[in-house]
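First up is the structure itself, then whatever we jot down about it.
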Amino acid sequence: LTDGEDNGSSTTLYNLIERVRGANVGLIIMGVGGDVRLDVLTQIVDAANKEKGSCVITAEGNKASIDDAFGKVVRIIQG
């Protein structure tokens, strides 16, 4: 869980994508707010195993939208 402003990390986007690809896991990314970089989140989730429930879910920065997004996560995990 991050606000996406981790500018001090030594991990590059490329390295993250390679690690996700190598892990062969499902990945659910939730982007919250109007400044979400959907293109970047999509690159990351595209490296994950889609058969294991990988996707990007977006939400506006209000409680109802965030609650809805978490509901989607629950439904994906429960199958």
Side-chain angles (χ1 to χ4, degrees):
L1 181 61
T2 178
D3 66 0
E5 294 297 324
D6 181 10
N7 297 323
S9 177
S10 61
T11 300
T12 65
L13 177 59
Y14 174 80
N15 288 340
L16 175 61
I17 289 170
E18 289 303 307
R19 290 180 75 179
V20 168
R21 186 173 288 121
N24 192 31
V25 296
L27 179 65
I28 300 170
I29 297 177
M30 183 187 306
V32 178
D35 59 348
V36 171
R37 292 280 314 270
L38 194 55
D39 58 327
V40 173
L41 300 182
T42 300
Q43 287 179 58
I44 298 167
V45 84
D46 282 350
N49 186 328
K50 293 218 183 326
E51 293 177 6
K52 296 184 178 183
S54 300
C55 66
V56 175
I57 296 172
T58 59
E60 296 178 21
N62 61 63
K63 184 179 181 336
S65 183
I66 293 169
D67 285 347
D68 182 56
F70 274 109
K72 290 176 184 175
V73 171
V74 168
R75 288 189 294 278
I76 290 167
I77 291 171
Q78 291 178 338

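Since the structure is predicted, the reported quantities are computational estimates derived from the model, not experimental observations.
- Asp68 pairs by the side chain to side chain donor-acceptor pair (under 3.5 Å) definition with nothing, not counting sequence neighbours.
- Using a 4.5 Å cut-off between side-chain heavy atoms of Ile, Leu, Val, Met, Phe, Trp and Tyr, with links allowed through other members, Val40 and Val45 fall into the same hydrophobic cluster.
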I'd like a table of donor-acceptor pairs (distance under 3.5 Å, sequence neighbours excluded) in which one partner is a side-chain atom from residues 15-27, with atom names and distances.
{"unit_1": "Asn15", "atom_1": "ND2", "unit_2": "Thr12", "atom_2": "OG1", "d": "3.3"}
{"unit_1": "Glu18", "atom_1": "OE2", "unit_2": "Arg21", "atom_2": "NH1", "d": "2.6"}
{"unit_1": "Asn24", "atom_1": "OD1", "unit_2": "Asn49", "atom_2": "ND2", "d": "2.8"}

With a 3.5 Å cut-off and sequence neighbours excluded, list the donor-acceptor pairs that the side chains of residues 72-79 form with protein atoms.
{"unit_1": "Arg75", "atom_1": "NH1", "unit_2": "Gly71", "atom_2": "O", "d": "3.3"}

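- Annotation: side-chain hydrogen bond (donor to acceptor under 3.5 Å, both in side chains) contacts involving residues 53-64, sequence neighbours excluded, comprise Lys63-Asp67.
- Residues Val36 and Ile66 do not share a hydrophobic cluster, clusters being chains of Ile/Leu/Val/Met/Phe/Trp/Tyr side chains in contact below 4.5 Å.
- Annotation: the span from Leu38 atom CG to Ile29 atom CD1 amounts to 10.0 Å, rounded to 0.5 Å.
- Connection of Val56 to Met30 is not established within any shared hydrophobic cluster, with ILVMFWY side chains joined at heavy-atom distances below 4.5 Å, either directly or through further cluster members.
- Residues meeting the side chain to side chain donor-acceptor pair (under 3.5 Å) test with Lys52, sequence neighbours left out: none.
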